[in-house]
Amino acid sequence: MSGIYIHIPFCRQSCIYCNFYFKNGLKGSGELIEALLNEIELRFNEKSFVPSTLYFGGGTPSFVETNQIKRLIDKVKLTCQVDDFEELTLEANPDDMTEEKLKAWREMGVTRLSVGVQSFFDEHLQWMNRAHSGEEAKRALTLAQNMGFELSLDIIFGIPNCDDHQLLKNLEIATSFNIQHISCYGLTLEDNTPWKKLILNKSYVSPDDEQSSRQFVLCMAYLTNKNWEHYEISNYAKPGKLAKHNTSYWQNKTYIGIGPSAHSYDGKTRSWNVADINVYVNAIQSKDIPEEVEFLSDVNRFNEYIMTGLRTQWGIDMNELKQFGLSMEEFNVNLQIGLNKKQLEQVGDKIYLSQTGKLYADAIASSLFIA
Ligand code: SF4
């Protein structure tokens, strides 16, 4: 399975925690869409690529005109010679999910919406500077479920003014809709975000690690008790409803990213387009794809397999690791430490995070890296 990701770098306003590449407002969106269409042509006229999934992320793809999304879908189908996708996902914010837009997305073949709900409580949404209200989110989800979209919801835990009771209420409301997928993300403080500046100004509080860990466990317990499959550290699905496009990232499948800041992976190299709309548009107009490419060594690929595999329910497979042909001595010592601390579990040739280990997934994965 291979996928195409298209980055739409425009948002209505800046959420305080966000460090994705985007601009506020729609200025320049016309030129950017033309450049995206041209990048699709530049990439796929040269080499054949048959995508099974198409994913619009951002930024906020739901913010731009529906006809612009349709042109991009049609262009991918025509250039890659595919009639349909196994999954066609569009990231959408509730404030964009009008009946008119939902109908248009449905008609152009969007099968799945990944909806940035984050919380149903207005005090949390306002604190994060989200552009919608809790009621708007409920109205949008009702409309979308009635139109037959597959739905994935993003919920954030660890918001400083969100207590445990409110978090559970968010999960209860989320699962009362006909949704197939939930992503639960911990609020993390990234560099170059409005939140970081607000903390420096002393007008906002810092994240509370203890609250974040406790609420991660609450999400896990609530959803797994209701038979949601916890298949990746931040992701839960109804049986058989795993996110196909994102799962291909975690299972080391190839993908191509289109647009400013989008990443690609072909099994041997990783590349990323420049994160600047003007530089991107100018380069594409000169028929140049403005990307940097990194060749992955066996050590890079070994460590990446550990980082992504350990976060999933499939774990890491010792047989796969041996195929890299590297010395396993350092890995085996660190694996034993993780097993002794009960952060890791071994079943046959497979290694998994324990329930406690899930709280420290990235740190444990890094401890297994080889230099
Ligand atoms: S979180 Fe999403 S909607 Fe908010 S600023 Fe970032 S990309 Fe835009």
Side-chain angles (χ1 to χ4, degrees), residues 5-29 32-33 36 55-66 68-69 72 89-98 101 105 110 112-134 136-137 140-141 144 151-162 170 174 181-199 204 207 212 234-235 243 245-246 249 257-263 272-277 280:
Y5 171 88
I6 301 183
H7 191 77
I8 307 288
F10 302 102
C11 292
R12 186 163 276 118
Q13 60 194 51
S14 305
C15 306
I16 64 158
Y17 53 84
C18 181
N19 71 342
F20 294 138
Y21 179 66
F22 69 93
K23 290 259 182 260
N24 282 331
L26 288 170
K27 192 164 169 263
S29 60
L32 190 266
I33 300 293
L36 296 174
Y55 190 103
F56 287 90
T60 313
S62 59
F63 188 32
V64 299
E65 287 172 24
T66 52
Q68 294 176 318
I69 298 291
L72 290 164
T89 303
L90 181 109
E91 289 181 357
N93 279 341
D95 38 305
D96 293 321
M97 292 167 63
T98 59
K101 277 195 163 181
W105 294 329
V110 173
R112 185 171 177 275
L113 296 175
S114 173
V115 186
V117 171
Q118 321 307 359
S119 172
F120 290 98
F121 290 87
D122 289 347
E123 68 242 47
H124 306 155
L125 296 166
Q126 284 158 13
W127 187 89
M128 295 185 286
N129 199 37
R130 297 286 302 174
H132 66 273
S133 67
E136 262 183 301
L141 292 171
L151 291 171
S152 176
L153 264 61
D154 288 353
I155 294 288
I156 291 185
F157 62 85
I159 305 167
N161 60 347
C162 174
N170 274 336
H181 194 273
I182 301 187
S183 301
C184 293
Y185 297 113
L187 191 66
T188 47
L189 180 59
E190 306 286 352
D191 286 340
N192 301 318
T193 55
W195 190 16
K196 189 102 184 187
K197 288 192 195 117
L198 289 163
I199 290 172
Y204 261 58
S212 206
S234 304
N235 289 282
H245 182 85
N246 289 346
Y249 294 157
I258 304 287
S261 82
H263 284 59
W272 52 95
N273 286 354
V274 64
D276 182 307
I277 295 177
Y280 170 80

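Atoms within each ligand, like the ligands themselves, are counted from 1 in listed order.
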Numbering as shown, the atoms of ligand 1 that approach [X] to under 4.0 Å (heavy-atom distance):
X: N93; answer: 3 (S)
X: R130; answer: 1 (S), 3 (S), 4 (Fe)
X: T60; answer: 3 (S), 8 (Fe)
X: Y17; answer: 1 (S)
X: Q13; answer: 5 (S)
X: G59; answer: 7 (S)

Compare all side-chain heavy atoms of [X] with those of [Y] and state whether any distance is below 4.5 angstrom.
X: I258; Y: L72; value: no
X: P260; Y: L32; value: yes
X: N93; Y: R12; value: no
X: Y204; Y: K197; value: no
X: L90; Y: S62; value: yes
X: V64; Y: I69; value: yes

Open item on the list: Is the ring pair F121/H124 parallel, tilted or perpendicular, if the boundaries are 30 and 60 degrees?
Closed with: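 Taking H124 first and then F121, their aromatic rings sit tilted (interplane angle of 30° to 60°).
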Open item on the list: Give me the nearest non-hydrogen protein atom to atom 6 (Fe) of ligand 1 as residue plus atom name, then the distance to 0.1 Å.
Closed with: C18 SG, 2.3 Å
Task: Closest approach of any protein heavy atom to atom 4 (Fe) of ligand 1, naming residue and atom - done: C15 SG, 2.3 Å
Open item on the list: When you measure from the heavy atoms of G116 to every atom of ligand 1, does any distance fall below 4.0 Å?
Closed with: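 So G116 does not count as touching ligand 1.
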Task: Structural part of C11 in contact with ligand 1, heavy atom criterion under 4.0 angstrom - done: side chain
